[in-house]
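The block underneath contains the structure these notes are about, expressed in structure tokens.
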Number of protein chains: 2
Amino acid sequence: MAPRGRPRAFDRDAALRKAMEVFWAKGYERASLADLTEAMGINAPSLYAAFTSKEALFQEALTLYSATEGCDIWEGVPAAPTARAACAHLLRATAEAFAGDEKRRGCLVVLSAPQTEGSSPSICDALKHHRAATTAVLRERLRRAVAEGDLPATADVEAITAYVVTVQHGLSIQARDGASRETLLAIAGCAMAGWENLVSVAHPPAA
Amino acid sequence: MAPRGRPRAFDRDAALRKAMEVFWAKGYERASLADLTEAMGINAPSLYAAFTSKEALFQEALTLYSATEGCDIWEGVPAAPTARAACAHLLRATAEAFAGDEKRRGCLVVLSAPQTEGSSPSICDALKHHRAATTAVLRERLRRAVAEGDLPATADVEAITAYVVTVQHGLSIQARDGASRETLLAIAGCAMAGWENLVSVAHPPAA
DNA sequence: GCCTTTCTGTATTGATCGATACATAACTAC
DNA sequence: GTAGTTATGTATCGATCAATACAGAAAGGC
């Protein structure tokens, strides 16, 4: 069952991983074909033959990212024993992940294409969809917590979900600005400091 | 004291404001000269004669932004009667500001150039410096609160500052993802729900 | 009037963008 | 072997990028 023509001379998975790292460090738009081909160690025609287009390459890189980098963070959310543990894990794991090396600070999904206007709509939509999907994971976990009696029935699941996700997104900016591991973890700690009040208020007032 | 040569045929301030709006909606890199000149109603040579370069134009737009758009939000921080009021105002005013029209959702300072790698270093540094400056405003207000006895001496001012700023930055992402005014305000409310615990803990644990 | 100065519109610069045409190389099938 | 298929490297495509050269227009100074 060997393929018919001339065999590919490079490791497709390894090249995809390199591409992901370039997108992670530079974002979708700023990652040029020259950047990508250099990092991947191949020429443009090979890239297009294997990945169709820059956009399709990014989509694959995004899938790889969520399957590898975001995996630990988000798998722990439904698996956590309580709603509180789920949120604490999410924020702490995010802080730990963003404390890595220089090139990988912050989340690819959050930082790759922040501008709605003018960007490739499919890229923007894919990232937006991805953010919505991860948000849904947390929301479902919190809903389950309410159903199980872990959280009071009056807890505002939508608001708490949005709040925790907002802190997580904000951590990407902090990480890109060079915040230390300690700072990132302190932020996560602060965000959880008011948990008891947070879940016991039906509709948290705007102040 | 009339200027010597042919008078400028456009309103420089009005053109700068238009440029700011383009940068706000598209970010620095994605805002092309064609976009800018069209919005400003002038040709490229006029733009360069009046603003030197795209980069210098952005710097001026950034100054205008902080002098107008960010003004209400940040002026209220030192002016607030208490640390709690300062933070609550900051987050609520941010939520209100980001609930505006489609093109202006989120903060220009946060969203214009999220990628450190490869971007124009001076643009990136300017935005980073601006974020640091606004962070410093909040930090100073909290320090004053400790000095005045408004906050306990054991309060972790650095961590609280970083936390509140992180929520504020995260609101930009939420706003760009289309969060409603109610959602943005609910997030601000959630962020403040744990205030009493937040300020009474010396070093908030990571969970 | 004429000269200098500054701005305006047209047209264009070299660089870089993402994406390919083409000829050649390397493999399977027969 | 030959035919068919796919990948590779070089060289390049048209489009777009930020930035200008240039000539004409509109003002003040004299």
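Every heavy atom of this structure was used, including side-chain atoms; hydrogens, water molecules and symmetry mates were not. Labels below follow one simple rule: chain letters A, B, ... track the order of the sequence lines, proteins then strands, and each chain is numbered from 1.
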Item to check | Salt bridge present between E148(A) and R144(A) (N-O < 4.0 angstrom) | outcome: yes
[N] [atom2] sits how many Å from [X] [atom1], rounded?
{"X": "N43(A)", "N": "dG9(D)", "atom1": "CG", "atom2": "P", "answer": "5 Å"}
{"X": "R30(B)", "N": "dT16(D)", "atom1": "CZ", "atom2": "C1'", "answer": "12 Å"}
{"X": "R6(A)", "N": "dG4(D)", "atom1": "CZ", "atom2": "C1'", "answer": "16 Å"}
{"X": "L33(A)", "N": "dT16(C)", "atom1": "CG", "atom2": "P", "answer": "14 Å"}

Checklist entry - Using a cut-off of 4.0 Å on non-hydrogen atoms, how would the nucleic acid contact of F10(B) be classed: base, sugar-phosphate, or nothing? => result sugar-phosphate
Next on the checklist: Under 4.0 Å, heavy atoms only, any strand: does A49(B) hit a base, just the sugar-phosphate, or nothing?
Outcome noted: nothing
Item to check | Closest listed nucleotide, where the reference is the side chain of P7(A) and the choices are dT6(D), dA19(D), dC27(C) | outcome: dC27(C)
Checklist entry - Which one, dA19(C), dT5(C), dT8(D), comes nearest to the side chain of R4(B)? => result dT5(C)
Checklist entry - Sequence neighbours excluded, which residues qualify as side-chain hydrogen bond (donor to acceptor under 3.5 Å, both in side chains) partners of R143(A)? => result E140(A), E158(A)
Item to check | Toward the 5' end of DNA chain D, by each residue's nearest nucleotide, S46(A) or E29(B) | outcome: S46(A)
Item to check | Sequence-distant partners of R8(B), side-chain contact (heavy atoms from CB on, under 4.5 Å), two or more places apart | outcome: F10(B), R12(B), A50(B)
Item to check | Side-chain N,O (R8(B)) to OP1/OP2 (dC7(C)) below 4.0 Å | outcome: yes
Next on the checklist: Quick check on DNA chain C: between P45(A) and A31(A), whose nearest nucleotide comes earlier from the 5' end?
Outcome noted: A31(A)
